[in-house]
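Only one structure is covered here, and it is reproduced in the block below.
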Amino acid sequence: MSKFLNDPEDAVAEALRGFARCHADLVQLSEQPRFVARRNRVPGKVAIVSGGGSGHDPLHAGFVGRGMLDAAVPGEVFSSPSVEQILAAAQSVADDAGLLCLIKNYSGDIMNFELAMELFDLPHAEVVIEDDIGAAGGGETVGRRGVAGTVVVEKIAGAAAERMAGLTECADLARSVAEATRTMGVALGGCRVPTADRPNLELAPGEMEIGIGIHGEPGRRRAPVAPADDIAEELVYALLSDLAPPPGEPLLLFVNGLGGTPPMELQILYRAAVRMIEGRGLAVARSLVAPLVTSLEMPGASITLTRMNDRFLQLWDDPVVTPGLRWGA
Amino acid sequence: MSKFLNDPEDAVAEALRGFARCHADLVQLSEQPRFVARRNRVPGKVAIVSGGGSGHDPLHAGFVGRGMLDAAVPGEVFSSPSVEQILAAAQSVADDAGLLCLIKNYSGDIMNFELAMELFDLPHAEVVIEDDIGAAGGGETVGRRGVAGTVVVEKIAGAAAERMAGLTECADLARSVAEATRTMGVALGGCRVPTADRPNLELAPGEMEIGIGIHGEPGRRRAPVAPADDIAEELVYALLSDLAPPPGEPLLLFVNGLGGTPPMELQILYRAAVRMIEGRGLAVARSLVAPLVTSLEMPGASITLTRMNDRFLQLWDDPVVTPGLRWGA
Amino acid sequence: MTSASPAPTRSAEARALDALATLCQRLLAAEDELDALDRAIGDGDHGHNLSRAARRLDEVRDTLANLALPDLLRRAGSEIVMSVGGASGPLYGTLLMETGKALPVAPSLAEWATAFAAGVAGLAKRGRAAEGDKTMLDVLAPASRALAVHAGGGRAAALAAMQAAGRQGLEDARPLRARRGRAAYVGERAAGADDPGAASALLCLSTITELLGGES
Amino acid sequence: MTSASPAPTRSAEARALDALATLCQRLLAAEDELDALDRAIGDGDHGHNLSRAARRLDEVRDTLANLALPDLLRRAGSEIVMSVGGASGPLYGTLLMETGKALPVAPSLAEWATAFAAGVAGLAKRGRAAEGDKTMLDVLAPASRALAVHAGGGRAAALAAMQAAGRQGLEDARPLRARRGRAAYVGERAAGADDPGAASALLCLSTITELLGGES
Ligand SMILES: Nc1ncnc2c1ncn2[C@@H]1O[C@H](COP(=O)(O)OP(=O)(O)O)[C@@H](O)[C@H]1O
Ligand SMILES: Nc1ncnc2c1ncn2[C@@H]1O[C@H](COP(=O)(O)OP(=O)(O)O)[C@@H](O)[C@H]1O
Ligand SMILES: [Mg+2]
Ligand SMILES: [Mg+2]
Ligand SMILES: [Mg+2]
Ligand SMILES: [Mg+2]
């Protein structure tokens with residue numbers, strides 16, 4: 001697992017400089033403290049900020065732009081950003097319309113955002129995303145992890161803010177999307193943090209970890225790799241059991257790559273997932289197949305389902321113009 | 001190197017079904033013979049068709065849509081499509097305005113397109129793309145391989161066709177873009193074709209192959225992995241030496257991922273490449289950093305440079321709406 | 001080609017059809033071996049590509065069975081060209097098509113030799129290849145010349161000479177670097193290895209010699 | 001904290017500053033060890049995160065040197081909170097900030113114990129954690145209680161009791177599963193392993209005891 005790196009300690013900083021240079025039309029990088037802000041802010045619009053450890057590209061910085069995030073706050077790889085970063089980002093993008101923080105459910109992220117918001121004096125609201133049903137343990141005490149479903153929350157809340165919805169409305173909406181969203185992942189191998197000397201997950205060749213977290217956290221079971229159709233079926237079954245969508249309710253199906261799995265395999269999983277969902281008389285109303293919430297170069301994928309409604313669908317279809325997600329404009 | 005697969009022989013077919021279902025608004029899949037066609041064809045427009053072995057997603061099927069390709073003809077993984085596929089695709093999308101075939105320079109692709117065109121009776125032109133300067137040998141007899149630069153040719157020719165340029169104009173343009181484009185790649189490991197039982201390139205951990213081809217063909221030298229800045233410098237130096245752009249000429253810089261390398265590392269390479277180019281008094285006028293011409297899950301990257309001019313720049317900036325590349329509309 | 005009801009008299013067409021069927025079985029049996037040769041200096045799919053050709057010919061067996069010899073070869077070639085892809089599809093397909101085009105309906109051995117030479121020329125043109133480029137041509141070209149030279153001396157001897165020349169061609173090409181196809185990129189590494197297309201060509205020649213070399 | 005010109009009289013502030021400097025060195029020295037503990041049941045960066053804290057404190061040493069004891073702790077805590085990130089940044093930062101808030105300018109040992117208890121309570125609140133969740137709290141909470149109980153009996157004995165209670169806390173937590181932080185996801189696998197935050201907390205207590213337990 002060699003990597004294209006200079007000093008591994010500089011990986012996040014150098015990558016962000018490259019990213020900001022490449023997408024200078026859409027975003028602007030603050031280096032000290034470190035955050036990425038949208039270039040053409042809309043005055044009077046609720047500002048949406050998200051953040052968390054790096055290594056999940058394009059999440060979050062790749063979703064800064066029109067119709068999604070106003071700022072992203074990247075920590076070190078797999079490590080929550082600091083309070084001063086979050087605060088500086090919030091101060092740079094929010095005005096009296098207020099600030100909505102979208103936070104993935106990890107101790108560090110929660111505490112750092114919380115502390116930053118204690119120091120932030122404009123109106124603000126926080127929504128915690130916990131969509132991952134993959135973990136065997138921990139759910140009772142720390143709640144579910146926040147993973148790929150974050151993209152769905154950021155997209156829909158971002159569209160509402162772009163339509164000039166107020167802070168409470170945006171926050172309520174984000175919360176209801178988060179509640180309607182579940183994800184489960186599977187890994188075929190680990191990944192290596194640039195500053196570490198070995199992978200964070202040891203899987204024997206031919207093994208898979210079902211329920212993997214996006215930092216290589218263990219899931220619910222380890223087994224020999226099964227055919228793609230069976231894997232998709234296991235994930236979809238678990239998601240549908242948890243979400244229990246009534247017949248006729250439109251679903252969003254998002255097959256996410258964890259980094260090392262090529263599009264061909266994601267498409268094979270997606271096809272299997274569609275068949276299984278439709279086979280149960282449910283409708284796949286919207287689809288997304290792409291590596292959007294990655295775990296460095298981890299070979300693996302996750303499947304996200306969101307129970308949609310007319311409002312969610314409209315906002316999902318609204319234009320989005322960001323480095324990582326772009327349509328309709 | 002486990003994969004998400006059912007019967008490996010079905011990988012291409014299943015993936016295409018998933019792809020077509022996911023992007024049903026933009027493309028339509030013909031299964032027998034196999035090709036992907038644009039959904040909203042523009043009558044009287046020069047049709048552009050490309051194709052080649054599968055395993056390079058999003059190339060080519062991911063570039064079918066407005067402002068780029070009218071059809072893509074996918075072969076088996078790393079294997080040229082057949083004449084009947086190419087012919088069926090051509091017949092399905094071309095009208096009297098004619099057909100432009102964009103062909104990567106591989107024996108199989110050339111011969112199959114050539115044979116198909118011998119059977120095709122509307123006006124047509126072929127442009128062969130050979131941008132890869134990475135190979136040590138072979139260049140004299142078979143010419144350079146066609147790799148990531150194909151995206152640049154497809155984008156610019158596609159925009160011209162969308163502007164209703166005629167067949168000769170589109171073909172001449174494609175040829176001149178191809179001539180102005182050079183690519184060189186580097187791999188940190190191999191990849192495995194679904195139907196094969198081992199990787200197609202054996203690199204020891206910590207080794208890199210400079211000049212790698214997109215099917216794992218050997219390059220010009222194998223060496224211990226160097227710092228990202230040094231690698232970028234070696235590639236950019238070779239490209240600039242070959243292209244010899246005069247000072248002041250705008251350049252397109254495209255850092256392409258080969259599949260297994262995460263965005264963070266591509267951005268680090270991109271940053272290094274920009275610095276090197278600008279350090280030599282040249283201008284990076286347009287940038288693209290993404291895995292667009294991949295080699296399954298191969299960890300690696302390539303750098304493409306195109307000498308741009310006003311016409312190329314305008315056409316590059318024109319709207320493109322495809323599954324794999326989307327902007328400006 | 002699974003079930004074949006033998007024709008009342010074994011016409012040249014029936015013999016060709018049977019030979020083709022056996023050829024296809026041999027190619028299918030050699031799939032892994034040919035893939036392995038291609039893995040060494042190409043992309044590892046030569047056997048796989050030829051297995052597509054073999055399966056396609058099996059599918060159209062009934063159609064082929066109704067054709068005269070020249071059309072049978074042309075049609076077999078065009079089926080391969082149309083369906084196989086890769087480099088070997090157009091090449092082998094062209095070989096058969098051009099051979100068929102040059103063949104009279106009831107060819108003598110000398111006419112076979114002439115037609116085969118035309119097929120080989122078509123293949124070389126299609127591939128822009130010359131002998132010594134380390135391709136299937138290195139087997140087929142000397143084989144076709146040997147067949148022409150020995151066409152006067154009885155089928156068994158002529159076919160044996162053809163096969164021997166093909167084998168010699170494979171061996172002569174072994175130390176060379178490749179100048180066409182994917183193997184052209186591996187440079188020095190190709191030297192010492194057998195070209196997969198040359199190996200499959202020799203397999204075809206050997207099978208034909210074995211099957212038809214005994215008949216008079 | 002590289003160069004330190006000793007104050008003419010060793011004030012409580014100067015002693016605290018020196019202790020902090022030594023603490024930071026110890027944490028930097030323990031970086032790999034703490035990363036290894038975190039790799040086993042977390043994400044392998046606890047030592048790395050604390051090294052960021054240590055470097056930041058070194059950077060602001062001159063600022064801290066001008067502050068009274070309560071402000072010194074508050075400021076050190078807020079520097080950590082502001083700059084470190086991860087889970088341990090807010091937690092250790094809150095511990096210092098809340099301890100500082102509760103501290104008088106010239107605290108007695110008993111007042112130190114009270115303030116430390118306030119700091120620990122702040123940390124628990126911040127982390128929504130309780131003892132037995134297998135976190136740094138399992139070391140800090142019993143340590144702070146022991147300090148309070150023994151605060152009347154002389155600094156050396158009190159600090160020794162604090163450290164012993166912390167060590168006991170680490171050991172008591174060892175067989176537990178984690179209920180907070182990333183280790184909560186590894187389930188049974190956490191049982192038998194030391195929590196990295198608990199280990200770093202004990203390292204801090206031991207360093208303080210060693211440095212200040214000798215002075216009267
Ligand atoms: N231009 C060419 N001219 C003649 N023969 C060629 C040419 N290109 C390839 N070949 C032959 O085709 C063989 C490879 O066939 P195959 O592996 O099926 O196709 P591909 O190279 O597309 O994977 C080579 O071993 C060589 O004999
Ligand atoms: N909610 C919490 N309450 C108390 N302590 C916690 C909590 N979450 C994490 N910790 C402590 O923090 C330590 C991990 O710190 P660190 O590795 O620096 O942060 P991160 O978990 O963000 O990588 C754990 O070992 C544990 O002691
Ligand atoms: Mg961390
Ligand atoms: Mg091939
Ligand atoms: Mg091959
Ligand atoms: Mg950690």
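Quick note on labels: first sequence line is chain A, next is B, and so on, each numbered from 1. Keep in mind the model is a prediction, meaning the values are calculated, not measured.
Between B/V284 and A/R21 there is a side-chain heavy-atom pair separated by less than 4.5 Å.
Interface check for chain B: of the options A/R326, A/E207, A/M208, A/E297, the most heavy-atom pairs under 4.5 Å are formed by A/R326. Interface check for chain B: of the options A/Q267, A/H23, A/R17, the most heavy-atom pairs under 4.5 Å are formed by A/Q267. Counting heavy-atom pairs closer than 4.5 Å to chain B, the top-ranked of the candidates A/G257, A/G55, A/A11 is A/A11. Interface check for chain B: of the options A/P323, A/A273, A/G300, the most heavy-atom pairs under 4.5 Å are formed by A/G300. Your options are A/G206, A/P263, A/G62, and the one with the most heavy-atom pairs under 4.5 Å with chain B is A/P263.
Remark: A/R271 CZ to B/C22 SG distance equals 14.0 Å, nearest 0.5 Å. To the nearest 0.5 Å, atoms CE (B/M264) and CD (A/E14) are separated by 11.0 Å.
Summarising the local packing, CZ of B/R275 is surrounded by 12 or fewer heavy atoms from other residues, nucleotides or ligands at distances under 6.0 Å.
For A/I231, the part lying near chain B is the side chain, with the backbone staying farther off; criterion is any non-hydrogen pair under 4.5 Å. There is no contact between B/V255 and chain A, counting heavy-atom distances below 4.5 Å. For A/V289, the parts sitting under 4.5 Å from any heavy atom of chain B are the backbone and the side chain alike. Heavy atoms of B/F19 lying under 4.5 Å from chain A belong to its backbone as well as its side chain. Only the side chain of A/V77 has a heavy atom closer than 4.5 Å to any heavy atom of chain B. Contacts between B/V321 and chain A at a heavy-atom distance below 4.5 Å are absent for every atom of the residue. B/P194 touches chain A through its side chain: at least one heavy atom from C-beta onward sits under 4.5 Å away, while N, CA, C and O do not. Of the atoms belonging to A/A272, not a single heavy atom falls under 4.5 Å from chain B. Contact of A/L269 with chain B is made through the side chain alone, with heavy-atom distances under 4.5 Å.
A donor-acceptor pair is defined here as one N or O able to donate and one able to accept, closer than 3.5 Å; such a pair exists between the side chain of A/N6 and the backbone of B/D229. Between the side chain of A/E265 and the backbone N or O of B/F4, at least one donor-acceptor pair lies under 3.5 Å. When atom types are taken as modelled, the side chain of A/D57 and the backbone of B/P262 share no donor-acceptor pair closer than 3.5 angstrom.
What you find for A/S2 and B/L188 is that their closest heavy atoms are O-CD1, 3.5 Å.
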